[in-house]
Amino acid sequence: MSTDFLSSIIQTEGLHKSFGHTGLRQTEVLRGIDLVVPEGAIYALVGANGAGKTTLIKVLMNILRATSGSASVLGWDSRTLTGDRFCRIGYVSENQEMPDAMSVGAMLDYTRAFYPTWDRTLERDLIRQFDLPLDRKLKHLSRGMRMKAAFVSSLAYRPALMVLDEPLSGLDPLVRDELVDGLLERAHETTIFLSSHDLSEIESFSSHVGYLEDGRILFSEEMTALAARFREVTIILSERTTAPTRLSASMPPEWLLPETADHVIRFVHSAWSGDATERELRERFPAARTIESEPMPLRAIFLAMAKSGRRQRAIPYLHPVEKVKVEA
Amino acid sequence: MNQVLHIFRKDTRRFWAEILLSFFVLAIYAVRYPIHWQMQPAFTPRNYLAVVRDIDSLMIVLVPTAWWLLITRVVQAESLVGDRQWWVTRPYQRYSLFAAKALFLLVWLYIPFVAMEMKILSEAGLTPFGHASHWFLLLSVASGFVILPLLAIAATTTNFARMTMTLAGGLVAVELFHYVAAPYYPIYESTSTNSHSVYIVAVLVVGGAFIVAWQYLTGRLWLTRTFALCVAVLAVGVSFTVARMRESQIDREFPAPGAAAAAPIQVAFQPEKSNPLLAFPSERPGMMYVQLPLEFSGVAEGSVVEVEDIKFTIDSPDGQHWTSPWWTTQAMPQWTGMLNFLPGTYHPGVQIMMTRQQYERFQWFPFTLHLAFAVTELHPASETTAAFSTSDFLVNGYGVCASPAQWYLHHNLICRSEVGQSRLAHITTTWSKYPCSESQPEPQDLLSGSSWTGTAYPDRLSYIWNPVLANLVQPDVRRSDGRMGGTRELTLCPGTPMHFTQYAVADRTQVSLTIADFLLPKEPR
């Protein structure tokens, strides 16, 4: 992980969160999260619905208490995040309650007084950019408009960290682009940490990505490094050689979703390092006629991760894949 | 401070409708309450009590309902429960939020409530700032029984629906508790010694305030709910204990007299045709009244003796022994006066209560009945004379009295005083045998009448939030047999002097009476 720990904005160690009473239908939602978000990053936390993204964010924002482990945000223990400390943090969530009885203008007027660094010019620019109707009550706004209002109320004081929980889900593409544009314009002064279950929402602008699966971080790294280390590998053996039918029993953990058919072996290599990896493969498969490696689009990488993770849970005799650690 | 005022202003703007509703209900209360002493033409002494009771009952429902709405809305505007609230990720200081809500309730709930009380006192012609203890009592009762419980529930529930369900559940639980615990609670009540009830109010006020403050300042919901449960259990425990403490309190406050001490009043068992020994069912299921014809006499000149509580002991020949708890003395319904005795001889029928099982067990054979009375001896503290009027007339040191015009013919007047200030007073006046005229009636045409009002212990805690106590007074004449009654043909003329003698507690003791070979009367079929 190419991360400077000294300038990390968010850092967690062994974070666990369980719901329910011990021994009585306890549900463990976070299972030892180690996470580092560097300053200036646009960090996307990706995972399927129910993976634990919202719970992790709520623990970071001190809305929920972790069962064990630690988390720091902007250098503060997350359990101490309250009051004035939120002057440096913006938080927008898809399911957050808003002061619905207020109009947009009244909400902004009310919110403004809490922030010494509130920038009226920026507020006006954002209102214009998002085309927000100031006199409309929040409860009468569409979902997209409500999200825009939430963005303005969280960006106008120039927070050092923006935490966004599924901010773009369910929005039409036009509104989504407007919000992303508004966000990116502030990216030079704000670290952005956002969650999404839809990769296509975030892949175009995120600098870092973490993948959360069943309460565990499967990987967390820069987007470019991630794209470089994942390859779809196809090995074609000589015609006299038949591919083994049960490749998975002996394969290294970096190989995901193996498939074999006649003379062909196909899998996703999650730790591709160019020629060195190719040499290793040739040594393992001396009968290989050709070894092809194709870069993978981000979506395919995540699908491979997700499918391999589920297969591990479904077939317990397979070699379990621990967190993949790759130094970029 | 800025944040406090900022949140307060926001809440005020947002909840103006709830504030207005609360004001409206209080205003109705302030306007309607004087009906206790400002009689309407349609009122008669017969329906007066029913009308007053209906208005009081209505307001006991309406005021808490308006407060319930106001408190729930303002507390849950920044809900303290849940993980989706907007405010929790904003720079709110928890103590500022708490202070802002407290300020809101102070300005829009407590001050209007106090203003309403002042308005009523002012309407009654009484001094609004008269007694600090009066205000402390009113605000404590309102806070302990209504405001703080509502606040605590609002602070520990997510939304209005859950708050309402919790409140309804709480009320059902209280009713169930009453039903289940009734056999274990003392069924006897004593009004003279309920000062220990202040402990219940103290638990509710301190406990309620702690729960609300704790939830606001820490947000530890389950711990807060645990505290709330503890306070509820503590309040129940205290109410049990207080009920049991009454026995020892009465024994302590009304000590048995020494051998040489003279009793302040003599009591004798005196059945007679006009005051017979009776037994009849109580309004309480499974209970029986036994009405004892007694004679009270021997009160020293210048003194009054008030009989507060009674307890009795049954000693049967077969060795059975049973002692009742202390119980507020009740006299037969025809006994119009309270059990206050001036020098003279009186024959009230005094009731004791026992279970039907006890009655049926003891009714077949004679036994020894010991009666003990907790009595207060009072001496005159002040005397005031005021001229009777159909409009308000001030009675110094007591309050204001008036006989509304249409009541004039019914020979009643209503005297009002601040709660906690209506000391025991004896009122004497003279009736005319003939209609009033400009000329003064001859002495032989006058009959003296008298009545009691107030109580020996006006400052004892009572669970009310009405600021003014209105007493119906009928200065009845005393008949030749010593009983009261018979003013139907008489007239109380304007300008007639009315003497108010107020009494202060001088001594407390017990007086006893033993009736040998007492046989319980048969229950009439």
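Naming: A, B, ... by sequence-line order, numbering from 1 per chain.
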Check [X] against [Y] and note the closest heavy-atom contact, atom names and distance.
X: B:Thr89; Y: A:Phe86; value: O-CD2, 3.3 Å
X: B:Arg14; Y: A:Ala101; value: NE-CB, 3.7 Å
X: A:Thr111; Y: B:Trp86; value: OG1-CH2, 3.2 Å
X: B:Pro91; Y: A:Tyr115; value: CD-OH, 3.1 Å

Quick check on B:Ile7 against chain A: is it the side chain, the backbone, both or neither that has a heavy atom closer than 4.5 Å? both
Which bit of B:Arg90 is near chain A, if near means a heavy-atom gap under 4.5 Å: side chain, backbone, both or neither? both
Evaluate the ring planes of B:His6 and A:Phe114, with Trp represented by its six-membered ring, and classify them as parallel (under 30°), tilted (30 to 60°) or perpendicular (over 60°). perpendicular
Drop me the distance from A:Thr82's OG1 to B:Gln93's CD, to the nearest 0.5 angstrom. 6.5 Å
Would you compute the distance between atom NZ of B:Lys10 and atom CG of A:Asp109 and round it to the nearest 0.5 angstrom? 14.0 Å
Any idea which of A:Ala150, A:Ala113, A:Pro99, A:Gly90 has the most non-hydrogen atom pairs under 4.5 angstrom with chain B? A:Pro99
Over 12 non-hydrogen atoms of neighbours within 6.0 angstrom of CZ in B:Phe160: yes
Does CZ in A:Arg143 sit with more than 12 non-hydrogen atoms of other residues, nucleotides or ligands closer than 6.0 Å? yes
Mind checking what makes salt bridge (Lys or Arg N to Asp or Glu O under 4.0 Å) contact with B:Arg9, not counting sequence neighbours? none
Apply salt bridge (Lys or Arg N to Asp or Glu O under 4.0 Å) to A:Arg146 and list each qualifying residue two or more places apart in sequence or on a separate chain. A:Asp100
What parts of residues 69-85 of chain B touch chain A if we use heavy atoms and a cut-off under 4.5 Å? B:Glu78, B:Asp83, B:Arg84, B:Gln85
Determine which pairs satisfy salt bridge (Lys or Arg N to Asp or Glu O under 4.0 Å) with at least one residue from residues 67-80 of chain A, sequence neighbours left out, and list them in order. A:Asp77-A:Arg79
